[in-house]
Amino acid sequence: MHLLILASHQENLETIATTLDYAGVIFTYDVASDIAQSQVLLQKVKYDAVIWEEKIPDTRELPLLQMVRASQPEIPVILVAEILGEEGAIDCIKAGISDCVIKDRWFRLPLVLRRSLAEFAQRRAREIELLQLRSSQALLNQISRSLNSSLDLASILHQIVELTGQCFDVDRVVMFSLSGETVTAIEEWRASPEVPSLIGFQAPLVEWIYPWDPGQDLHDHWVFHVPEYDQMPKSPIWQAQIHRGQILSLLRVPIYIRHRFFGALSLHVTTNRRRFSFEEIHLLEQMADFAAIAIHNTQNYSHLENLVKQRTQQLEQEKILSEAANLAKTEFLSNMSHEFRTPLTGILGFSNVLLQQIFGPLTAKQKQYIASIAECGQHLLDLINDLLDLSKVEAGKEDLNIQTIIVEDLCLACLSLIRERAQNHGLELKLEIPPHITTCSGDQRRLKQILFNLLSNAIKFTPSGSITLRVESAEGQIGFAVIDTGIGISPEGQTQLFQPFQQLHTGFVSKYEGTGLGLALSRKLAQLHNGDITLVSELGKGSTFTLWIPNLGSY
């Protein structure tokens, strides 16, 4: 080990070195005569521990230790003092000293040094384990959001292998799929073009499950991990795969969708043999579970989409206009949304009761999971409400309650709803109303809903700066402009807006959640008022969404 020794006298330095050497400690060391010199050394050299020799330590100067520890906080500092009472020892420990040794007990120094090093190593290991756990959880959350942001199966499969490849330091990730009794490599990620491709590789299921023992049952092998895969006995098919794929080490976990085998996610190492840790295997299993959910969602959506297409074809054959097909789809969504409400209300109700701990205390992990259930339930409820509103508008069943509205009251009410959220994001809210604009005509509840959606979107996509609600008039119309200083929208992205279930595909997709219905519903409601919503935006310079409705007297 390499030590830094702070010694005021040469004889004390020699005693420290002799004591450690006599105890069999193998070490090298640098010497500093004061705190300033030790700080310079700590900034240049990596040490395993610091031994600080003081005749009589002054507790008022112990905070100087923080200056020393600021450079290398992960190493222990051991104080060697001539006199140190119980109170002095406590003060030293509080200041950050790892342990203390009295000079007339030099023989304890090697023991104290080894013990401090062991304690710091254990503490560092726990910190690393905690950081890895947090990192894995954050990664899984990101993967879950990313996979659930698309309903296209090809896109989902591509994202699965790409995200897995970015997560693990491997050369290739392959997605296998079962068709009949044959397993096929349908998607892959490679670390570089030099890594050979396995797309299209096929193998009989019985040999693919367990290459050197085809008689084994599928369910006997949930995880397939072979660090020295190229050295194991194998069938001719797998010999061909190894030759083609240059596989040295392999880790494979199955993907089950509703207890039915779909395929597997496989990690390949082609450069150096590698043994995957238990934590890595568990993480890959969790990623396979997320992949199963995402694939299941896309399959369900595809099935529903096929049903809609079949119905549309039937309507076309009967010479019914495409609007009738949209109406049928809207009715379907409306009915399904109502059916979802009953169980969802129960989920939200019972989860809130559990969070209130009325029937007994919960552990921290239980509270975390129940809070996640409540959050997901609320998100689904918001989606259902948007679906119901959109379906009513599209079906022509939404009637407006037109009345005279005080513009200032409407604006203040909308700002009050989002003020707390804006403050939490550190955003400034502004309201600008010309004196000559006092009233407008419209459905107050629906206008408030439109402005709330626009303001909420502005906050969501504005990392810093301000949100301004500006009222203006032009050519017989009143405009309510929501102006933000956020990320802006590219010209290509603007073409995707105001469409149901559409969100912009930017680097911010995984960060911002949403249903993709808010803007579509807002424009429908604006059009019911014989108005519209316009957009002016530039990437990186913010956006302005303006709600235009006919002016008082011209509505």
Side-chain angles (χ1 to χ4, degrees), residues 136 139-168 170-190 197-211 213-226 229 235 237-238 241 244-245 247 249-268 276 280-307 309 376:
S136 297
L139 176 64
L140 289 173
N141 291 337
Q142 177 186 353
I143 290 173
S144 177
R145 290 193 298 268
S146 179
L147 293 182
N148 288 314
S149 64
S150 173
L151 291 173
D152 178 67
L153 182 58
S155 174
I156 286 293
L157 296 178
H158 178 73
Q159 288 187 65
I160 291 171
V161 296
E162 183 176 8
L163 292 170
T164 305
Q166 294 171 0
C167 176
F168 294 91
V170 295
D171 300 304
R172 181 174 52 237
V173 179
V174 182
M175 169 76 72
F176 290 95
S177 176
L178 176 66
S179 177
E181 294 298 323
T182 302
V183 177
T184 305
I186 60 173
E187 189 64 67
E188 73 176 0
W189 172 91
R190 292 178 290 160
S197 173
L198 282 179
I199 287 293
F201 170 80
Q202 292 185 330
L205 177 63
V206 292
E207 293 189 27
W208 183 83
I209 293 301
Y210 208 54
D213 190 1
Q216 293 289 333
D217 183 71
L218 169 66
H219 297 279
D220 290 339
H221 304 281
W222 296 94
V223 175
F224 189 69
H225 178 208
V226 187
Y229 189 75
S235 67
I237 288 180
W238 279 97
Q241 183 197 18
R244 173 179 170 181
I247 305 173
S249 300
L250 181 144
L251 171 62
R252 185 182 72 207
V253 298
I255 298 175
Y256 286 91
I257 299 178
R258 298 184 68 85
H259 307 292
R260 295 186 61 184
F261 180 70
F262 170 84
L265 198 57
S266 186
L267 306 183
H268 296 169
F276 292 90
E280 289 176 318
I281 295 174
H282 181 61
L283 179 59
L284 185 61
E285 288 181 302
Q286 290 180 293
M287 295 178 71
D289 290 339
F290 280 125
I293 295 173
I295 295 172
H296 176 63
N297 289 341
T298 59
Q299 289 176 339
N300 282 350
Y301 180 79
S302 298
H303 177 66
L304 177 61
E305 195 174 43
N306 289 334
L307 292 178
K309 289 180 179 179
C376 293

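Keep in mind the model is a prediction, meaning the values are calculated, not measured. Keep in mind that the numbers below use all heavy atoms, side chains included, and drop hydrogens, waters and symmetry copies.
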Minimal non-hydrogen separation, [X] against [Y], with atom names:
{"X": "Ala288", "Y": "Pro254", "result": "CB-O, 3.8 Å"}
{"X": "Ile199", "Y": "Ser197", "result": "N-OG, 3.2 Å"}
{"X": "Glu187", "Y": "Val161", "result": "CG-CG2, 3.6 Å"}
{"X": "Leu178", "Y": "Phe261", "result": "CD2-CD2, 3.6 Å"}
{"X": "Ile160", "Y": "Ala291", "result": "CD1-CB, 3.4 Å"}

Within-4.5 Å side-chain heavy-atom neighbours: Val253 and Met287
no
Does the side chain of Val173 reach to within under 4.5 Å of the side chain of Phe168, using non-hydrogen atoms?
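A side-chain contact is absent here, since even the closest heavy-atom pair is not under 4.5 Å.
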Residues Val170, Leu251; criterion side-chain contact (heavy atoms from CB on, under 4.5 Å); working and verdict
CA-CA 10 Å; Val170 295; Leu251 171 62; over 6 Å; no
Quick one: do Thr164 and Trp189 satisfy side-chain contact (heavy atoms from CB on, under 4.5 Å)? Show the steps, please.
CA-CA 8 Å; Thr164 305; Trp189 172 91; over 6 Å; no
Using side-chain contact (heavy atoms from CB on, under 4.5 Å), reason through Met175 and Leu265 one step at a time and then give a plain yes or no.
CA-CA 5 Å; Met175 169 76 72; Leu265 198 57; 4.1 Å; yes
Straight-line distance of Leu250 CG to Phe276 CZ, nearest 0.5 Å:
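CZ of Phe276 is found 8.0 Å from CG of Leu250.
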Any idea how His268 and Phe176 line up, ring-wise: parallel (<30°), tilted (30 to 60°), or perpendicular (>60°)?
tilted
Give a yes or no answer on whether the side chain of His225 reaches the backbone of Ile281 with a donor-acceptor pair at less than 3.5 Å.
no
Output yes when a side-chain donor or acceptor of Arg172 lies under 3.5 Å from a complementary backbone atom of Leu198, and no otherwise.
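Here the side-chain-to-backbone pair does not exist.
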Does His158 NE2 have over 12 foreign heavy atoms under 6.0 Å away?
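Counting other residues, nucleotides and ligands, NE2 of His158 stays at 12 neighbours or fewer.
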